[in-house]
Amino acid sequence: MGVLLPWANVAVEEELPQLGEPGVVFHYARLVPASRTTAVDDSFWHGLRAAATGAVDSMRHLPLDATVLACTSAGFTGGPELPPGVITAFDALTTTLHQRHVASVALATPYPEQVAQTEAEALAAHGIEVTGNASLGLDDGYPHITTAQILTLCDGLPPAALAEADALVLSCTGWRTLTAAAALQARLRIPVISSNLALALALATHTHSPAPGAAP
């Protein structure tokens, strides 16, 4: 599998191998936006998408079954066309939710509030209702977010939003969510789907292997 990474992202390389099927090999290429920035904004997202063509070319000799752009927000904020066949983490997320018949979600993100709202609108455009959302309001520094911060963020979601949701989504590939997702799922008794889990599930469909298990 080819994985196009934002250049400051470290969480994907840590989490995907833990979520992927045995025998699946992930080949990484880092995307450097022309702005050489790491904070999420149009120049960052559009720069990642523009850099994807060269990154795909760098892996042209590898026998890849699929290639993903491992950035969720770059999938719902527009920008240059991606090379043919490349799917984004946002594509993987919506596909996973549809495959699991999830019609409504509570949404938690590290993003600035406006970006989180844009994602909620993008999910709604894909037929997925967002019952409530909470964001850390950060435009950078996602690798430094702790499990405790994620748990506290989700504790701030309105109880009614969680009661109405079929699942909780931890959106963004750049924060580490494995420990928090397990704790939240045990606490809330609803599926918790992270962007990196959605990537692993999407990639598993291209190997014709059973999808990696998300707890029911």
Side-chain angles (χ1 to χ4, degrees), residues 1-28 30 38 40 66 68-75 87-97 99-100 102 105-111 116 119 123 133-138 140-157 162 165-207 209-216:
M1 302 299 173
V3 183
L4 311 181
L5 271 182
W7 66 327
N9 187 309
V10 296
V12 167
E13 289 162 304
E14 294 176 16
E15 295 194 343
L16 266 190
Q18 299 180 66
L19 294 166
E21 284 295 304
V24 176
V25 177
F26 300 104
H27 299 280
Y28 301 96
R30 293 197 173 273
T38 55
V40 293
V68 295
L69 170 54
C71 179
T72 314
S73 52
I87 64 172
T88 70
F90 183 73
D91 298 328
L93 180 60
T94 55
T95 296
T96 295
L97 295 174
Q99 288 176 339
R100 291 174 173 244
V102 172
V105 300
L107 177 66
T109 82
Y111 307 136
E119 181 171 16
L123 287 168
N133 73 67
S135 62
L136 289 175
L138 301 176
D140 207 346
Y142 300 156
H144 305 298
I145 296 170
T146 65
T147 295
Q149 285 178 284
I150 297 174
L151 296 177
T152 300
L153 174 68
C154 293
D155 285 343
L157 283 162
L162 290 168
D166 297 326
L168 170 63
V169 168
L170 301 179
S171 179
C172 183
T173 64
W175 55 353
R176 299 173 177 90
T177 57
L178 291 181
T179 302
L184 288 164
Q185 194 152 265
R187 181 188 303 177
L188 300 175
R189 304 295 181 182
I190 59 174
V192 177
I193 300 172
S194 69
S195 290
N196 287 334
L197 175 60
L199 279 179
L201 291 165
L203 290 172
T205 65
H206 293 275
T207 67
S209 301

Minimum side-chain heavy-atom gap [X]-[Y] below 4.5 Å:
X	Y	result
V68	M1	no
L138	H144	no
V169	L97	yes
L170	L184	yes
L151	R187	yes

What pair of heavy atoms forms the shortest contact from [X] to [Y], and how long is it?
X	Y	value
V102	V105	CG1-CG1, 3.5 Å
Y28	L5	CD2-CD1, 3.7 Å
V10	P143	CG2-CB, 3.9 Å
I190	D166	CB-O, 4.2 Å
A74	L69	CB-CD2, 4.1 Å
L168	C154	CD2-SG, 4.0 Å

Check: [Y] main-chain N/O paired with [X] side-chain donor or acceptor under 3.5 Å:
X	Y	answer
R176	E15	no
E21	A204	no
T38	A8	no
T177	A180	no

Test of understanding: with ring pair (Phe, Tyr, Trp, His ring centres under 6.0 Å), list the residues that count as partners of Y111, not counting sequence neighbours.
none

Quick one about T152 and D155 (side-chain donor to acceptor, distance below 3.5 Å, no hydrogens or angles considered), yes or no?
no

Looking only at side-chain N and O atoms, does S195 offer a donor or acceptor that is under 3.5 Å from a partner on T72?
yes

In Å and rounded to the nearest 0.5 Å, what is the [atom1] to [atom2] distance from [X] to [Y]?
X	Y	atom1	atom2	result
L178	L19	CG	CG	5.0 Å
Y142	T173	OH	OG1	10.0 Å
N9	C172	CG	SG	7.5 Å
L153	L136	CG	CG	4.5 Å
Q18	L197	CD	CG	12.0 Å

Can you check side-chain contact (heavy atoms from CB on, under 4.5 Å) on Q99 and L201, steps first, answer last?
CA-CA 10 Å; Q99 288 176 339; L201 291 165; 5.8 Å; no

Verify side-chain contact (heavy atoms from CB on, under 4.5 Å) between V12 and F26, making sure each step is shown before the conclusion.
CA-CA 10 Å; V12 167; F26 300 104; over 6 Å; no

Audit row: S171, L107, side-chain contact (heavy atoms from CB on, under 4.5 Å) steps and yes/no:
CA-CA 7 Å; S171 179; L107 177 66; 3.9 Å; yes

Considering residues at least two apart in sequence or located in another chain, which fulfil the side chain to side chain contact (heavy atoms under 4.5 Å, CB included) criterion with A116?
T109, N133, S135

Given T95 and I87, is the side-chain contact (heavy atoms from CB on, under 4.5 Å) satisfied, shown in steps?
CA-CA 11 Å; T95 296; I87 64 172; over 6 Å; no

